[in-house]
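In listed order, ligands and their atoms are each counted from 1. It should be emphasised that the depicted structure is a prediction, and the values quoted were computed from it without experimental measurement.
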Amino acid sequence: MTRLTAPDILRMKAANQRIAMVTAYDFSMARLMDRAGADMVLVGDSLGMVIQGESDTLRVTLDEMAYHGRCVARGLERAHLTIDMPFMSYQLSPTQALENAGKLVQNGRAQAVKLEGGVRSAPAIRACVEAGIPVVGHVGLTPQSVHAFGGFKVQGRGDEAADRIRADALAVQEAGAFCVVFEMIPAALAAELTKTLSIPTIGIGAGVDCDGQVLVCNDLLGLDERFKPRFVKRFAELAGAVEAATGAYVAEVRAGTFPAAEHTFDTSGKLYSGGK
Ligand code: KIV
């Protein structure tokens with residue numbers, strides 16, 4: 001099977017096909033997300049929170065993003081792979097952005113990179129696009145600016161704030177991004193911009209009228225029973241299932257009932273077949 005490309009994703013908007021994007025951070029999860037039909041897989045810097053256990057995304061490094069990118073890429077047959085550019089890997093200059101985006105392509109196997117910020121990140125986006133690296137924009141709540149926002153808060157409420165989001169979204173498109181993530185903005189604003197822009201919009205906490213949606217895989221699978229923001233729908237409750245399965249394993253180890261005969265090798269090195 002061939003992998004989807006940035007032009008394929010762009011064409012999905014014209015064809016009125018909704019785009020399903022999901023994050024993944026390792027081979028096993030990426031393989032399952034790909035088999036389930038996700039169009040785009042994102043190695044998000046949310047890995048700082050869901051994989052590394054930090055309270056924000058600010059300490060994730062470029063090398064860590066590339067490492068997780070390689071792991072995820074091996075699991076994909078069809079889905080397109082985008083890797084986030086982490087905090088301070090693109091803010092200094094367009095040259096820095098291009099150099100580091102190139103590393104994510106070469107060392108992380110990214111087909112595209114994602115940069116946070118609209119107007120302020122446009123020169124960095126343009127530098128990458130002109131060098132042949134597809135870019136996904138990200139406006140609204142940009143988690144790398146959590147300290148400036150004073151927390152993970154809805155953006156674009158009120159006329160002035162909405163105008164800033166409009167300008168950001170347009171700047172991202174004009175700089176050459178092939179799609180844009182809208183995070184935590186009012187649904188009506190996301191709907192308006194989805195009509196205005198020619199590139200696909202991918203929402204997270206931005207309502208149903210975006211061209212696509214993205215969720216963090218751990219959130220949609222319910223892998224952390226403590227975390228349930230309004231915009232997350234849990235499509236499974238795996239935290240309980242994982243705990244129950246591991247608890248059953250622990251109990252069987254303690255009781256001496258695991259491993260049983262069928263999990264055991266005989267002296268010829270073959271799996272003991274229980275006499276069959
Ligand atoms: O880091 C991430 O996972 C993201 C998505 C939530 C869009 O940026």
Pairs touching residues 20-45 that satisfy salt bridge (Lys or Arg N to Asp or Glu O under 4.0 Å), sequence neighbours left out | Asp39-Arg78
In a simple table, one pair per line, please give the protein and ligand 1 atom names for every N or O pair closer than 3.5 Å, along with the distance.
{"from": "ligand 1", "atom 1": "1 (O)", "to": "Asp45", "atom 2": "N", "distance (Å)": "3.2"}
{"from": "ligand 1", "atom 1": "1 (O)", "to": "Asp45", "atom 2": "OD1", "distance (Å)": "3.1"}
{"from": "ligand 1", "atom 1": "1 (O)", "to": "Ser46", "atom 2": "N", "distance (Å)": "3.0"}
{"from": "ligand 1", "atom 1": "1 (O)", "to": "Ser46", "atom 2": "OG", "distance (Å)": "3.3"}
{"from": "ligand 1", "atom 1": "1 (O)", "to": "Asp84", "atom 2": "OD2", "distance (Å)": "3.1"}
{"from": "ligand 1", "atom 1": "3 (O)", "to": "Ser46", "atom 2": "OG", "distance (Å)": "2.5"}
{"from": "ligand 1", "atom 1": "8 (O)", "to": "Lys114", "atom 2": "NZ", "distance (Å)": "2.8"}

In this structure, which one of Gln111, His80, Glu77 forms a side chain to side chain donor-acceptor pair (under 3.5 Å) with Arg3?
-> Gln111
What pairs with Asp224 under side chain to side chain donor-acceptor pair (under 3.5 Å), at least two apart in sequence or on another chain?
-> Arg226
In Ile185, Val214, Val232, the residue satisfying side-chain contact (heavy atoms from CB on, under 4.5 Å) with Ile204 is Val214
Within a strict 4.5 Å, meaning less than it, do heavy atoms of the Leu58 and Gln144 side chains meet?
-> yes
For Pro123, check side chain to side chain contact (heavy atoms under 4.5 Å, CB included) against everything at least two apart and list the hits.
-> Pro94
